[in-house]
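Below is one structure, written out as structure tokens; comments come after it.
Reminder, nothing fancy here: chain letters follow the sequence lines and each chain counts from 1. Since the model is a prediction, treat every value here as computed from it, not as a measurement.
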Amino acid sequence: MNEAGDWPLYEIFIRARGGLDHKHVGSVHAADAAMAIEHARDVYTRRQEGISVWAVRSTDIVASDPGEAESLFDPARDKVYRHPTFYEIPKEVETL
Amino acid sequence: MSEAVAAGGAPARPAQLFDYLLRIADTSLVLAQRLGEWIGHAPAIEEDLGFANTALDLLGQARLLFAYAAEVEGRGRSEDDLAFLREEADYRNATLAELPNGDFGDTIVRQFLIDAYQIVLYGGLRKSRDARLAEIAAKALKETRYHLRYSSNWLVRLGDGTEESHARVQASLDRFWPHTAEFFDADDLDRAVTGAGIAPPVQDLRADWLRQIEPVLAEATLQRPPDAAHRWYGKQGRHSEHLGHLLADLQYLQRAHPGARW
Amino acid sequence: MYTQGLAEPPARAGAPEPVVEDAEQLRRFEARIDAEEKIEPKDWMPAAYRRTLIRQISQHAHSEIVGMLPEGNWIGRAPSLQRKLILIAKVQDEGGHGAYLYSAAETLGVSRAELIDQLLAGTAKYSSIFNYPTRSWADIGAIGWLVDGAAIMNQIPLCRCSYGPYARAMTRVCKEESFHQRQGYDIMLKLANGTPAQKRMAQDALDRWWWPSLMMFGPPDTDSQHTALSVRWKIKRFTNDELRQKFIDFTVPQARYLGLEVPDPELRWDEQGRCHRFGEIDWSEFHAVLKGDGPCNRERMLARRDAHEAGRWVREAALAHAAKHRRAAAMA
């Protein structure tokens, strides 16, 4: 139990429709996993926003450090050759 | 699920179907009215939302049933006329639904007992020879499965929680249990609609109901109370002292402004 | 439902001094704000930005939760099954919005429990409007029409707030609230076209809710010293007076359509300024209500505290149950 007796925090991810990824929508407090799902349902899907819910204890999420964002993500910036638009293909060549 | 509905028998008179529909509709209406009192006062915001969802489902069921009852009656009354403008003794809800909210544990126990009852009832009605009622029951059954999941999970948490919570919900269960007898005590109306293939035989539903309830009570470490001598019959209009007060709130504007539109 | 441009008191004496901030970090932060980039929870942000957001988002969340009470007062007495469904759904939405907003505030490193403790201890503010009583069914109409109308005016710009979680929560809130104002006006329409008693009810509700609704936008810009910083950091995009004026210009014709009279003898259309001129707002009432001396402040707080206290054994039981099962699972 934390100091104020509130329930632990769960991050909530919802799949809006079949074929889509689960997307982070916010968090709920819940005492246990079943309650987290019920709370997510009542808080985040009152208007048919989802067909599937994931709940993850917030403390179990490992996140990258924004301070390291440059070293983590900038190196991908100059790798232009990974993108198809980098290559010029003669017009005559089709379906490539 | 019980073998719900008799294959044949005498068709029910419209008045009997009407009375029977009111029993189901009134239980949902009155229970929703009680749950509505919680909104803004629950132990956590998420529980405000949970009770509100259940109340919305129950009111939705009541509306479908009242609308159908009004058609069956054929006297031009609307769903609101039926919901708001009857005398106390003409409400046919199960007595348990009208009992005051008490604490959160009381509300959960009352909800659990009724949810499990509605599961077996709607499960039977889904196979009713009355197609309209069968359709309403099928929709309601889906909603009720969630209600029962919600109330069962809470009952387990409270029963198998702290010493205090265990004592509280065991006391709630002891107090409410006698009110469940009327669910399964068939009277003339029950026999008539069962005979007509409209409704499952209520006396047979009890075994199914217990099958829903007992594993949850066991997980919640709660004792099933003994059956009591006195039986309440809200379904025949013989209510507790509490319904009148509930109706005073429910009916206030309709009574104070006859004929007004809202 | 809504947040208010509350007068923000200067940091209280005795509060920890903000750490001296790195000028370079501040410059980079402000450059991101200028470039309309969103700030996310773990990003560097000035302490004052964090403080302002926590205060504003939590006040907003508290307002949603306290706001359930005046409307909840009529759930039991809603006059038709349909109205009862709508009202329950609406009050439920307010609770949902409170939940989204507490969730957004928690990304700033404060717990919901702390924020709720502040509310219950009376040290946090919430919108003054919810300290007025709902005496008749028409008040439910007036709240939807006026209070939610004012709220939407405040909230739409917040969907573009520079803090990502707040902006996302507000986008969700605004999407859901579009029905709240309409259902309120719909109630007013029925009453205004109803029996003489219903019409009186509607006019009486407008009389009582008009001025408090105008106060919802907060004190005049001249008295709101923190607006400038909030605008600079794109927490806020319009000033209190700008939003208030817009609200009046939208609402007056709606009242006229209902055949109701706005209770302001000085209200008139200014052809040159293309806007409505209106009478002076009684700011002493606003400050009194905000300080705790409104008609229902004590009742609202009592209701919240009662709910919190009465729910304590329930919350504890749920935690105890979860702990038992974690232990059981660990031993298995």
For chain C, find its close neighbours in residues 33-40 of chain B: heavy-atom separation under 4.5 Å, sorted by number, or none.
-> B:Gln33, B:Gly36, B:Ile39, B:Gly40
By a 4.5 Å heavy-atom criterion (distance strictly below it), what part of C:Arg83 contacts chain B: side chain, backbone, both, or neither?
-> side chain
Residue-level contacts of residues 92-118 of chain B with chain C, using a heavy-atom cutoff under 4.5 Å = B:Asp103, B:Phe104, B:Gly105
Cut-off 4.5 Å, heavy atoms of chain B, and the answer for C:Ala89 is both
Main-chain N/O of B:Pro43 paired to C:Arg315 side chain as donor or acceptor, under 3.5 Å = yes
Can you list the steps and then say if C:Lys84 with B:Leu250 is a side chain to side chain contact (heavy atoms under 4.5 Å, CB included)?
-> CA-CA 10 Å; C:Lys84 197 186 284 289; B:Leu250 178 79; 3.6 Å; yes
Measure distances from B:Phe51 to the heavy atoms of chain C and classify the residue's part below 4.5 Å as side chain, backbone, both or neither.
-> neither
Between CZ on residue C:Arg304 and NE2 on residue B:His41, distance to nearest 0.5 Å = 8.0 Å
Please flag which part of C:Ser80 lies under 4.5 Å from any non-hydrogen atom of chain B: side chain, backbone, both or neither.
-> both
C:Ala99 versus B:Ile45, closest heavy-atom pair with distance = CB-CG2, 4.4 Å
Are C:Arg112 and B:Glu46 close enough for a salt bridge, meaning some N to O gap below 4.0 Å?
-> yes
Please flag which part of B:Ala42 lies under 4.5 Å from any non-hydrogen atom of chain C: side chain, backbone, both or neither.
-> backbone
Structural part of C:Gln92 lying under 4.5 Å from a heavy atom of chain B = both
CA sep, side-chain torsions, deciding dist, call: B:Asp48, C:Val91, side chain to side chain contact (heavy atoms under 4.5 Å, CB included) | CA-CA 9 Å; B:Asp48 284 317; C:Val91 178; over 6 Å; no
